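Have a look at the structure below, then the notes.
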Amino acid sequence: MRPIVWSYGMQSRGGSRIGERPDIEGAVQAFADIGGKEAIVFAKDHTGFCFYPTKIGVAHPKLKVNLTREMTEALHRRGMKSIAYFNIGMDGEAARKHPEYSRYYAPGKRLITEDHYAEVCIFGPCYKEYIQPLVKEIFIENDVDGIFFDPTGCFNYCCCETCKEQFRQEYGEELRPPLDTPEDTAYWAKYGKFLGGRIRKFIEDVRNEIHSYRPDARVIFNHTGGPFGQNVDWPGVNDEGGISCDPLAAYPLTSLFANYTGALPKKGDVFIERFARCWGDRSNLDDLTLQYKCASIFMYGAGACLGDRMHPDCSLALGSEHAMKCIGKLWKEMNDLIPSTAERDADIVYLISKTYLGGRFGEKAGYRYGDDELMQRDVIGYLGGYRMMVDCGRSFTVVPELLLDRHLRKGRLLVVPTLKWMNGNVETAVRHFVEEGGKVLFLEHVPVLDDGTIPDFMGIASVEDKPCQPCVYLPDWGDERPLDMERPLVEGDIHRIMLSTSEAVQFGYPQYDLSRMGAGYNSSADEPWDVPLLTHNRYGKGDVYFLNAPLFTDYLAGHPDQLRWTRLLFKHIFPEGRVFLDSDGGNVEMSSYHCSDKTSLLILLNHGGRQTHLIRTVYGEKIVAPQPIYPVVLKCRCKSNKASVKVNGAEVKAEVNANGFVEIKISMDSLWKVIEITEQ
């Protein structure tokens, strides 16, 4: 597993005294005591203040200590690396003095405060005149080993004079206001391409500039390694391990980001903060909560980068020291049980495409600005799907489309949720995978290609634009449904589809008489609908399935009847697989590895016991002790008829059954368990 990275945060306004009673040695030693290798120290914050005596920037007016230099030296004395934090997207001091440095989110409008943050445009004069020389000074004056750029809005739409002129030069037309003519998708697709290209060039130029005077520097851009940024092709993400885009420390975001970044060629770090509500992000939390957040990262081999704020006097709170010990102990316990030879080996590939509707840089989806409700609506299909995959007890890896061909191999199932447009590279990868015998499940939308046609491997001729119903009732799988149980309801738009070579495997049930009952949905009709629900197309040597219902999106609420139905769906279309986890209530996540031809490693995480703030649900998540105990059965396919099993390092009895599986009954009475299975 990647080592823990600790971020010694220092966001301050001018009125706060910095360094009244510094204990830099103690703060660094606390991290050294748990085996820390790398830490983030503050160089420039949101307000624009530097935490060392700068000649180019603006030093904090009440700074009494050279925090950046002294902390770097303390880290170096203990063999650790120092990464300077630099907010590249916000600088209140610079923007207040130089309006031409500001990012304008609309004509004549910029985000600026009287004494705190302000957004700057990195594509204008601010970078060359101010940021570039300041970054060089930080490296030279403080001898840091790398830099952590926090973009914080600088990669968004901007209509400053520089941005307008650059767009005019490239396209020969005027840059429109961000919410103007949203229906002109061709224009905003053009802007999405424009913005994505200039961001990539900016990152590349910054890295080249820094490496010209510090060749071995680690240059990190926050918000570039996560699933909803979709920028793994940007420089530095693949070759150095990308920092995720700072997910909230809440389920399922933390493990989703870890699953994703752990699938990159070089595993990245998941930067999590906002654990709680105080000046120390880890404050007010019990040990179990701290361990839960970090275990969800460690289980995928990713690195946990912990955001934590120092006291303005430049000392570490006792709670932070305790958190370091608690998380460090967890890292060592899990790392000792996970061999360095372990490689992730999932049965299912879960695709997250950069072209999902609402994607900021999707060339087809275009650029969308200021519509948080739309953005949330478009990503919940991925979040609900992730929750469904976890609860179904299947082993899966989350991958970006740019790395899809690396993960599509024989014996795997590709799951493609909520994809409306498919670019040529994805179409080629999927086509080849299916032709060679692969299986694919598309859900919620029939994707179209650049020319507006549906990929022929779908076996679907057309889709009506207008929804024909706002919900569908799912049919039975044989006699699996108890007689007194209602059919599962899936809420969301259902579209009529016309098949070509595909066949209908399942038909759902519409509302009774195709009408609503008041404000709610009507009862299920007695007879199946004529609109196909599940289709199957045989293509080449493989199989393509399509589920014509927004099942994943609706599962954001975790409906148990939908879970039971989906488990049977996977059993029907993908009985293959190496590992299965039976958990009646779900809530247990599994990651799978192979260590050798004969040894498999499975890591289980208990998601039960989550307690959230009743209003700000994603900010206040805690784990209540004791956690609920889930009895689960883990099944692992074996080639031999004997196997030895260890659970958290202790041997347990297990036998290989007649179907070729070793079955292990486990009581998830703890936060996590590591199961090692070695065939004899």
Side-chain angles (χ1 to χ4, degrees), residues 1-2 227 241 255-268 295-303 334-335 337-352 386 389-390 392-400 403-415 429 433 436-441 570 574-583 588-605 632-640 643-648 654 656 659-664 666 672-680:
M1 299 190 310
R2 286 171 64 87
S255 63
L256 165 60
F257 279 69
N259 191 327
Y260 175 97
T261 200
L264 299 179
K266 186 170 183 179
K267 294 179 177 64
S296 65
I297 299 172
F298 297 155
M299 70 185 295
Y300 289 108
M334 295 186 72
N335 192 60
L337 292 170
I338 303 174
S340 59
T341 56
E343 296 183 7
R344 288 183 62 188
D345 185 19
D347 292 328
I348 298 174
V349 174
Y350 185 83
L351 174 67
I352 292 186
Y386 191 87
M389 299 298 295
V390 167
C392 279
R394 302 302 291 263
S395 163
F396 68 104
T397 183
V398 180
V399 302
L403 301 177
L404 181 59
D405 56 348
R406 302 189 187 193
H407 293 271
L408 293 181
R409 52 180 181 262
K410 187 177 180 180
R412 283 184 162 179
L413 169 70
L414 171 63
V415 173
F433 176 62
E436 295 300 313
K439 289 186 178 182
V440 184
L441 171 63
F570 280 119
F574 188 60
E576 305 93 335
R578 191 171 59 91
V579 290
F580 302 81
L581 183 67
D582 293 339
S583 173
V588 179
E589 187 164 355
M590 171 176 61
S591 63
S592 59
Y593 295 78
H594 77 265
C595 304
S596 66
D597 290 340
K598 293 188 176 182
T599 301
S600 299
L601 200 73
L602 294 311
I603 304 173
L604 307 184
L605 179 70
V632 301
V633 178
L634 179 63
K635 302 175 183 177
C636 182
R637 198 183 298 273
C638 290
K639 297 177 183 177
S640 61
S644 63
V645 176
K646 294 181 180 179
V647 177
N648 283 3
V656 178
N659 296 319
F661 285 92
V662 56
E663 292 194 9
I664 311 157
I666 299 171
W672 57 273
K673 291 184 186 290
V674 176
I675 296 91
E676 181 182 295
I677 302 171
T678 303
E679 298 182 36
Q680 303 297 309

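Because the structure is predicted, anything quoted here is derived from the model rather than measured.
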(request) Kindly compute the distance separating NZ (Lys439) from CG (Leu413), expressed to the nearest 0.5 Å. (result) 8.0 Å

(request) Measure the spacing between OG of Ser596 and CD of Glu679 and express it to the nearest 0.5 Å. (result) 9.0 Å

(request) Check whether the ring centres of Tyr260 and Tyr300 lie less than 6.0 Å apart, and answer yes or no. (result) no

(request) Mind checking side-chain contact (heavy atoms from CB on, under 4.5 Å) for Val656 and listing every partner two or more places apart, or none if nothing turns up? (result) Cys638, Ala643, Val662

(message) Minimum heavy-atom separation for Val674 and Leu601, please, with both atom names.
(response) CG1-CD1, 3.8 Å

(request) Apply side-chain contact (heavy atoms from CB on, under 4.5 Å) to the pair Leu602 and Met299, showing each step before the final yes or no. (result) CA-CA 9 Å; Leu602 294 311; Met299 70 185 295; over 6 Å; no

(request) Show the numbers, then the answer: is there a side-chain contact (heavy atoms from CB on, under 4.5 Å) between Phe574 and Asp347? (result) CA-CA 10 Å; Phe574 188 60; Asp347 292 328; 4.2 Å; yes

(request) Not counting sequence neighbours, which residues clear salt bridge (charged side-chain N to carboxylate O under 4.0 Å, His left out) with Asp405? List them please. (result) none

(message) Main chain of Ser591, side chain of Arg344: is a donor-acceptor contact present, judged purely on distance under 3.5 Å?
(response) no

(request) Would you check, one step at a time, whether the test side-chain contact (heavy atoms from CB on, under 4.5 Å) holds for Val398 with Met389? (result) CA-CA 11 Å; Val398 180; Met389 299 298 295; over 6 Å; no

(message) Going by side chain to side chain contact (heavy atoms under 4.5 Å, CB included), Val588 matches just one of Ile666, Asp582, Leu634, Val632. Which one?
(response) Val632

(message) How long is the straight-line distance from NE2 of His407 back to CZ of Phe433, given to the nearest 0.5 Å?
(response) 12.5 Å

(message) Within the 3.5 Å criterion, strictly below it, is a donor on Thr599 or Glu676 matched to an acceptor on the partner's side chain?
(response) no

(request) Under the side-chain contact (heavy atoms from CB on, under 4.5 Å) rule, what do Phe298 and Leu605 come out as? Steps first, then yes or no, please. (result) CA-CA 10 Å; Phe298 297 155; Leu605 179 70; over 6 Å; no

(message) Counting C-beta onward and ignoring hydrogens, is there a side-chain heavy-atom pair between Phe580 and Arg394 closer than 4.5 Å?
(response) yes

(request) Identify the two heavy atoms, one from Arg2 and one from Ala302, that lie closest to each other, and give their separation to 0.1 Å. (result) CB-C, 4.1 Å

